[in-house]
Protein chains: 2
Amino acid sequence: MTQASETRPERISEAEHAVMEVIWERNPITAAEVCDQVCAARGWSLATVKTLLSRLVSKQAIAAEPEGRRFLYSPLIARADYIGGESRRLVDRLFGGRAAPLFAHLAEQEALTDDDLAEIEALLKELKQ
Amino acid sequence: MTQASETRPERISEAEHAVMEVIWERNPITAAEVCDQVCAARGWSLATVKTLLSRLVSKQAIAAEPEGRRFLYSPLIARADYIGGESRRLVDRLFGGRAAPLFAHLAEQEALTDDDLAEIEALLKELKQ
DNA sequence: TCATATCGACTACGTCTGTAAACATGAAGA
DNA sequence: TCTTCATGTTTACAGACGTAGTCGATATGA
């Protein structure tokens, strides 16, 4: 059963993702406001943000609603979906789809703080309840 | 103090990574042998593999040792380092560097099998011992 | 020795990405 | 009304990436 319109979400690049984060955090939002949030941090110009915004629009990752002579942008895909997809891609590509080896790796690299461990432990308990 | 030669490992692309996996699994290995392992699966031609190999050589991800009139390729970076780096990038980019939210996400998506859970639990115990 | 298969090096080329300038147009102030 | 600012649209351009063809040299079998 293939869905009628299998709109495979087009891949969001790294720079585009930075813009998405801003939009997820606050929306609807204008181009200038997005720029306020990221241009300083990434050394971008407003023009760059505009380009990224229009690419995100054509990728249907965000919606642009006209407001006067400008646009208000809002997310069309949920952050949870995005990070879920990216996480899955990584786990599939590097760990054969199994999450445990990823966890083992992070643990080995001491990339897990005590807080992380405690939190994960709590989650584990919950999952097993 | 910046290190003398800050050889920031150049980014390995998706296609290149597929080649790396073959080389990690068996090495030293020739271009033709690499092709045997991936060309069918990915629908590539030998020429494509050769290109990827030479890009990997220039990125210093693999070494090419001459053997007669051909090369034997071997990894210069460890698989563990690679997947560690990639995992870290993802965790940094999407989860603010904390692993717990990633774990929570995988759990939420039911991307964790019972085996995964058991394994992670075991690892946790070990880490806390 | 001559054709052929093999192999790396070089070249190619369309797409995507990062980064931005130029341009057109409408709004707003002088 | 004339100028200037703000804003989206179009165009640009270099570098990375995916994918592969061509070239030149060597090994090899007839």
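Note that the coordinates shown come from a computational prediction; the quantities given were computed from them, not determined experimentally. Excluded from the calculations below are hydrogen atoms, water molecules and symmetry mates; all remaining heavy atoms, backbone and side chain alike, are included.
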Within this structure, what is the NE2-to-P distance between A/H17 and C/dT17, rounded to whole angstrom?
-> 14 Å
Nearest-0.5 Å distance that lies between atom NE2 in B/H17 and atom CG in B/L52 | 12.5 Å
Calculate the interatomic distance between A/E67 atom CD and D/dA6 atom P; express it in whole Å.
-> 16 Å
Can you tell me how far the CZ atom of B/R55 sits from the CD1 atom of B/I12, to the nearest 0.5 Å?
-> 13.5 Å
Find the distance A/Y73:OH to D/dT9:C1' and express it as a whole number of Å.
-> 10 Å
The residue, B/K59 or A/S54, whose nearest nucleotide of DNA chain D is more 5′ is A/S54
5' to 3', nucleotides 24-30 of chain C under a 4.0 Å protein heavy-atom cut-off (B base, S sugar-phosphate only, - none) gives --BS---
For B/F71 and D/dT26, give me the distance from atom CZ to atom C1', rounded to whole Å.
-> 14 Å
Rounded distance in Å - CG (A/L53) to P (C/dT17) = 16 Å
Look up atom CG in A/D116 and atom CZ in B/F103, then write down how far apart they are to the nearest 0.5 Å.
-> 11.0 Å
Provide the closest heavy-atom pair for B/A18 versus B/W44 in the form atom of the first, atom of the second, distance.
-> CB-CH2, 4.1 Å
Mind calculating the distance between CD (B/E65) and P (C/dG8) to the nearest angstrom?
-> 14 Å
Nearest-0.5 Å distance that lies between atom CG in B/L56 and atom CD in B/E16 = 4.5 Å
Taking atom OH of A/Y73 and atom CD1 of A/I62, what is their separation to the nearest 0.5 Å?
-> 6.5 Å
Looking only at non-hydrogen atoms, find the nearest pair between A/K59 and A/S13 and report the distance.
-> NZ-N, 4.3 Å
Could you grab the distance from atom CG of A/L46 to atom CG of A/L53, nearest 0.5 Å is fine?
-> 9.0 Å
Salt bridge B/R11-B/E86, side-chain N to carboxylate O under 4.0 Å = yes
Starting at CG of A/L46 and ending at C1' of D/dC5, how long is that distance when rounded to a whole Å?
-> 13 Å
Starting at the 5' end of nucleotides 18-23 of chain D, put B wherever the base has a protein heavy atom under 4.0 Å, S where only the sugar-phosphate does, and a dash everywhere else.
-> BBBB--
Which part of the nucleic acid, if any, lies within contact of A/A31, taking any heavy atom under 4.0 Å across all strands shown: a base, the sugar-phosphate backbone alone, or nothing?
-> sugar-phosphate
Round to the nearest Å and state the distance from B/R70 atom CZ to C/dA9 atom P.
-> 14 Å
